[in-house]
Every structure is written in structure tokens, then in C-alpha cells.
Amino acid sequence: MTVPDSQHSDSRLTNLIAQGTGEILKGIRGVGLLRGRELGEAGDDLAQNWIARVLAQHRPDDGFLSEEAADNSERLDKERVWIVDPLDGTKEFATGRQDWAVHVALVENGVPTHAAVGLPDLGVVFKSSDVRHVSGPLSRRIALSRNRPPEVAQFVADKLDFEAVGVGSAGAKAMHVLLGDYDAYIHAGGQYEWDQAAPVGVSIAAGLHASRLDGSEMRYNNADTYIPDLLICRPELAEDILAACAEYLEQHGSFDGLAGK
């Protein structure tokens, strides 16, 4: 039986996992022996294996949910569940872009209590234990999916007279809102809990607004891990953005439309 290691607090363990995963991923890409799809798959596999081993040693009694592992329904009976995406933005990672991320969150009774989002190519880990969002002048830009831009994001941008800009991974989009590069991140068309739990945990700790596009609260460790949509934004914009989303929903009946289709 594995004995839990109590040397590290939940907060420190969360941060170290995000940091260590980023170092592993940068290491295997940096030597240049793999490219493209093979590099992306190796990154997913190695990062997942390392995180699983760390949690098995340090928190063996907690639940676990990851994009890169088979789901185990036993997590539904756990009050504490680690929700991770070892490599958020595999395509970006494999093609040499910087907008990929590492997501690590400890969710307790449905709420992220400790979270970290690493942007390894930028050399930074954003930690719920020590983070604040940038205030000051608005950028007047909204981040959205580069591959599947949701029509509702462009609708909101037009309403607010903002620019809608495609960015890579979910974690990168959320953290660029925190940094002040964008004022909001709007997603529709579906994600999974591992895409959101860590970015939402860090964003809320930083004082940003995070919710579904209808304003409802984010809850994690559900039997169905699919989540249709997400809003992360500066708090002073939340009311206006949610009102615009409600107007879009009334006109179109759902948030699923893609821009430029």
C-alpha cells in the first residue's frame, strides 16, 4: 500500500505538479528528436504518467480525472478530486507555438480549491495561492477559439465594440485575460472538466468572473464531464457580457453556432 506523503501542502503540491509537468514537456520538445503528431502523443503520455505517479504517492486516497486517462467512477464518491489536463493544446505544443498550457486543479465538493495553470514556454505558473488579475485600462479584446470560433463571442464583441481574437489553448486564453491582454474569454461548442477546472480556479482566485454563458456557477466532478460553454472576464464587464449572451440566446436558441461558417 502506498503511504501518502504529507510533506507538501495541497497548494504546494498543485504548483509543483504544474511546474514539473511543464519542465518534462519542454525537455522532450527541446532536444528535437520528435516532431508533429509523434511529439504531441509523447508529450501527452509522459506528462500523464508522471502526474499519475506523483498523485499515487502523495495523495493516494483522492479521486482523479484526466483527459489522458480512463475515467474511474469511484471519483464521484470522493470529496477531493484532482482534475488535470497534462497538456492543454497538444497541437500548439507539437507545432512549436507558445500558447499551450498545463492544468492542475484540486476540486473539493465540486469547487476548485487549489489550482495552477502553467504556460511553460513563457516560464510562468499561475497559482491560485498567489495571483491577482491586471486592472486598469481595458484592452477591448475578447479571446476565443482559433479553430472553432463561436458566433456568440463575435456577437458580444460587436455589442461591446471589442475585437475578437483567436488564441490557442483554453489555459492560455484564460491566463491572458488575467494578464490584461484580453478582457474576456468566451467559449461555446463544448469542453470538458479538465479544460476548465484549473483555469477557472486560478481566475476566480485572481478576482475575475467565471461562469457559464447563462451566468450559472461552474461545478466539477460530475458524472458527465462535458461542459457546453464558459465565460471568464474582468468583473466589471460580467453584467454586460452576460446580457449580450442572453440576447444572443434569445435570437438563436443556443450558443452552438460557429463564426464564419
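When a residue number appears, it is its place in the shown sequence, counting from 1. All values below were derived from every heavy atom in this structure, side-chain atoms included, with hydrogens, water molecules and symmetry-related copies excluded.
Pairing each heavy atom of Asp229 with each of Leu213, the nearest pair is OD1-N, 2.9 Å. Nearest heavy atoms, Asp99 versus Gly168: OD2-N, 2.9 Å. Residues Arg234 and Val134 share a closest heavy-atom pair of NH1-O, 4.0 Å. Nearest heavy-atom pair, Glu193 versus Arg219, reported as atom, atom and distance to 0.1 Å: OE2-O, 4.4 Å.
By the 4.0 Å N-to-carboxylate-O rule, Arg59 lies close enough to Asp10 to be salt-bridged with it. Using a cut-off of 4.0 Å between Lys/Arg side-chain N and Asp/Glu carboxylate O, Lys78 and Glu74 are scored as not salt-bridged.
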How far apart are the C-alpha atoms of Asp85 and His103, what are their side-chain angles, what is the distance that settles it, and do they pass the side chain to side chain donor-acceptor pair (under 3.5 Å) test? CA-CA 5 Å; Asp85 190 344; His103 296 180; 4.7 Å; no

Could you walk me through whether Val167 and Asp181 pass side chain to side chain contact (heavy atoms under 4.5 Å, CB included), step by step? CA-CA 11 Å; Val167 185; Asp181 300 324; over 6 Å; no

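Under the 30°/60° scheme for interplanar angles, the aromatic rings of Tyr226 and Tyr192 are found to stand perpendicular.
Side chains of Thr14 and Ser129 form no contact here, defined as non-hydrogen atoms less than 4.5 Å apart. Here the side chains of Glu250 and Glu247 are not in contact, with every heavy-atom distance at 4.5 Å or above. Phe255 has its side chain within reach of Cys245: a pair of non-hydrogen atoms, C-beta onward, lies under 4.5 Å apart.
Atom CD of Glu79 sits in a sparse spot, with 12 or fewer heavy atoms from other residues, nucleotides or ligands closer than 6.0 Å. A 6.0 Å sphere centred on CZ of Arg35 holds no more than 12 heavy atoms belonging to other residues, nucleotides or ligands. Environment of CD in Glu236: crowded, with over 12 heavy atoms of neighbouring residues, nucleotides or ligands closer than 6.0 Å. Applying the 6.0 Å contact sphere to CG of Asp130 captures no more than 12 heavy atoms from other residues, nucleotides or ligands.
No path of Ile, Leu, Val, Met, Phe, Trp and Tyr side chains, each step under 4.5 Å between heavy atoms, connects Leu160 with Ile232, placing them in separate hydrophobic clusters. When hydrophobic clusters are built by joining Ile, Leu, Val, Met, Phe, Trp and Tyr residues whose side-chain heavy atoms come closer than 4.5 Å, directly or via intermediates, Leu208 is grouped together with Met218. In the hydrophobic clustering of ILVMFWY residues, with side-chain heavy atoms under 4.5 Å counting as a link, Ile227 and Val81 come out together.
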